[in-house]
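Inspection log for the structure reproduced underneath, given as structure tokens.
Side-chain atoms are counted along with the backbone in the values below, which use heavy atoms only and exclude waters and symmetry mates. In this text, all values refer to a predicted model and were calculated from it rather than measured experimentally. In what follows, chains carry the letters A, B, and so on, assigned in the order in which the sequence lines appear, proteins first and then strands, with residues in each chain numbered from 1.
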Number of protein chains: 2
Amino acid sequence: MVTLKDISESCKVSVATVSKALNGQSDVGEETSRRIRKVASELGYLPNASARALKTNRSHSIGVLFVDKTGTGLRHEYFSGILDSLKVEAESRGYDITFISNSIGRNTMSYAGHARYRRFDGVIIASADFKDPQVLELVDSAIPLVVLDYVFDSRTAVVSDNVSGMEELTEYIIAQGHRRIAFIHGEDTTVTQKRLASFIKTCAMHGISIPDGFIRQALYHDPKSSGLATRELLGLAEKPTCIIYPDDFSYIGGMNEIEKHGLNVPGDISVAGYDGILLSKVLRPRLTTFEQNAEEIGKTAAAKLIENIENPKTYIPETVSVKGHLIEGESVKALSL
Amino acid sequence: MVTLKDISESCKVSVATVSKALNGQSDVGEETSRRIRKVASELGYLPNASARALKTNRSHSIGVLFVDKTGTGLRHEYFSGILDSLKVEAESRGYDITFISNSIGRNTMSYAGHARYRRFDGVIIASADFKDPQVLELVDSAIPLVVLDYVFDSRTAVVSDNVSGMEELTEYIIAQGHRRIAFIHGEDTTVTQKRLASFIKTCAMHGISIPDGFIRQALYHDPKSSGLATRELLGLAEKPTCIIYPDDFSYIGGMNEIEKHGLNVPGDISVAGYDGILLSKVLRPRLTTFEQNAEEIGKTAAAKLIENIENPKTYIPETVSVKGHLIEGESVKALSL
DNA sequence: TTGTATGCGTTATCAC
DNA sequence: GTGATAACGCATACAA
């Protein structure tokens, strides 16, 4: 491993000069600097990140907390999409991405402990149980931090705009002439609450009141429970003309159930999803859905975090809402009124 | 940030003793050791990973190279599944996972450069272009390394057993009475070559020769191209009775095309996928497919790499083949002979 | 413009 | 059993 010392010997200058030249300091001779850089490159010099971090107290690495509540883990496209863009943005700005865990070596440590141990410059909470004391410890710590899809006081949050997203989707469905709209929602989280409230409110604005029986609970990313809810809805005396699913993937459960009833989408019943994953684009009929802008969310999160890291004094935490967009698809039928 | 020095002052012992006690060295007094550990925990001491890495030349972190050839990135369940299990296994053994990129700060550097800069103890190549000079540079470097689904000489490889996987799937289809089997394959890679050869060989063993027209090229994870190939196959004078797709997701393209022709799966035509992603389990009829054991692959890769890292002298590179299993599903019809 | 000296936090060697 | 001390590679304040 070639070090500054090797270069300094080869160039017959001091280590300090080499360090300065390589870091582009102004107070070093033009000619000297060129010579040093040339030798450094010839020798294949690479700085030692550990030494640099030790000295500067900056690791240039970002910890990502991704705890999987549902067992789906990164297999949910929304999250893998976020991770992907997070990574690209951070790397382009010179930061590496490391996962935060709660074990290091044989003994466990808290998330916050891990973050301190690795000297992460900042942390992104991509997915976690926001009631978990360990997560709260991390949020309460002094480290620069960005949270996704959840808002903590005095902390930067990047959230998918679920309120306007669901509003737009509902507006579209209503505009197609639907009045009897059922809503299957996922587990009770703040995201769910927002979507549900937005749905009901938007309906109300159009003078549509949704009967209790049209609101069903299922689980995110779980076709089975959505299938069950669909069966219940299809068994009602007064069936809905449109069903909104917790997410695109869950709709598959509904799709199967609808077929089993000998019904046809969108001829006999209309459906809509949420997320805009690849699957929704390749199904036929194409699924009407609201695409969350995972790429923008990940990118923004990284950008905000780095802004916070690099301007700790002037940075002001904020909540950034990232808008998605409606994908009309073909699964919501225009009803003649 | 509390350091060894703080503890040593508080305990009125030297830093050396503190270090030893905390690292469980034997040559330190029972009572002293207990006192030190107590104070360390009270003060919330955490070792500084950078300092430790600098001194020991071991970073306890693993670099993962994941370059996305297809644009799908981590959104492919096979890869996100591997990453997930990789992460769990590595973390449980005290190693953190960091992504390898080719930029650090403003200037770019090679993958190998990045790995050296961060002093990764080892590297896992999860997905990459194996002809890329940068990847070859990494493979040729001295760092412990494990490659997934590709074999380099003198390097550990963990591969999904595509030969026996496709064999098993084909055997099953033949056992159901099919003789006219079409095969749509993905881009030309070693994985593709193995699957294709295995398919043709297994058919031949049963005295079945596959006409050229039954072998179609499409792209992995791309329903559109598989849909096109399906259309061609359905347009043949002598249609296949079963179509094998490049992967489960691509089958969606075929599914749409089959429906468009007014055909029914598996009544009119049988189909099979490959991968065993969640989607294949929730479709109705359930997709017949071969499930790759992504979890085992990721886990094995991490385990082998760490074995290599921790026993550099005695470790012998090997190719580990991970078997998956057939999922019968309901999409291949039993033909009466 | 260049060099000297110091210290970041840790581990390891070797005295005591 | 314990404690000085050096060294890992680097950046920087300060001296020359």
Protein-nucleic acid N or O pairs under 3.5 Å, nucleotides 12-16 of chain C:
none

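One distance of note links NZ of B:Lys38 with OG of B:Ser33; it measures 13.5 Å at 0.5 Å rounding.
When the P atom of D:dC8 is taken as reference, atom CG of B:Asn57 falls 11 Å away, rounded to whole Å. Nucleotide D:dA11 holds its P atom 8 Å from the CG atom of A:Leu22, rounded to whole Å.
Ring orientation note: the planes of A:Tyr150 and A:Phe130 are close to parallel, at an angle under 30° on the 30°/60° scale.
The shortest side-chain heavy-atom distance between B:Ser110 and B:Gln134 falls under the 4.5 Å cut-off. For the pair B:Leu148 and B:Ile125, the minimum side-chain heavy-atom distance is 4.5 Å or more. A:Pro144 has its side chain within reach of A:Leu305: a pair of non-hydrogen atoms, C-beta onward, lies under 4.5 Å apart. Under the 4.5 Å side-chain criterion, counting only non-hydrogen atoms from C-beta, A:Cys11 is in contact with A:Val39. For the pair B:Lys299/B:Val88, no side-chain contact is recorded, criterion being any heavy-atom separation below 4.5 Å from C-beta on.
Residues from residues 28-43 of chain A placing a heavy atom under 4.0 Å of any atom in DNA chain C, listed by number, are A:Val28, A:Gly29, A:Thr32.
The C1' atoms of five pairs define one axis at each end of the helix from C:dT1-D:dA16 to C:dC16-D:dG1, and these two axes lie 40° apart (to 10°).
Phosphate proximity of D:dG9 to B:Tyr117: absent, as no side-chain N or O sits under 4.0 Å from OP1 or OP2. Applying the 4.0 Å criterion to OP1 and OP2 of D:dG3, one finds that B:Ser14 has a side-chain N or O inside that range.
Here the nucleotide nearest the side chain of B:Arg52, chosen from C:dT10, D:dC10, C:dT4, is C:dT10.
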- Does the salt bridge (charged side-chain N to carboxylate O under 4.0 Å, His left out) test come out yes or no for B:Arg34 and B:Glu31, once each step is laid out? CA-CA 5 Å; B:Arg34 194 172 24 249; B:Glu31 165 55 21; 3.2 Å; yes
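B:Leu54 comes within 4.0 angstrom of a nucleotide base, judged by non-hydrogen atoms across all strands.
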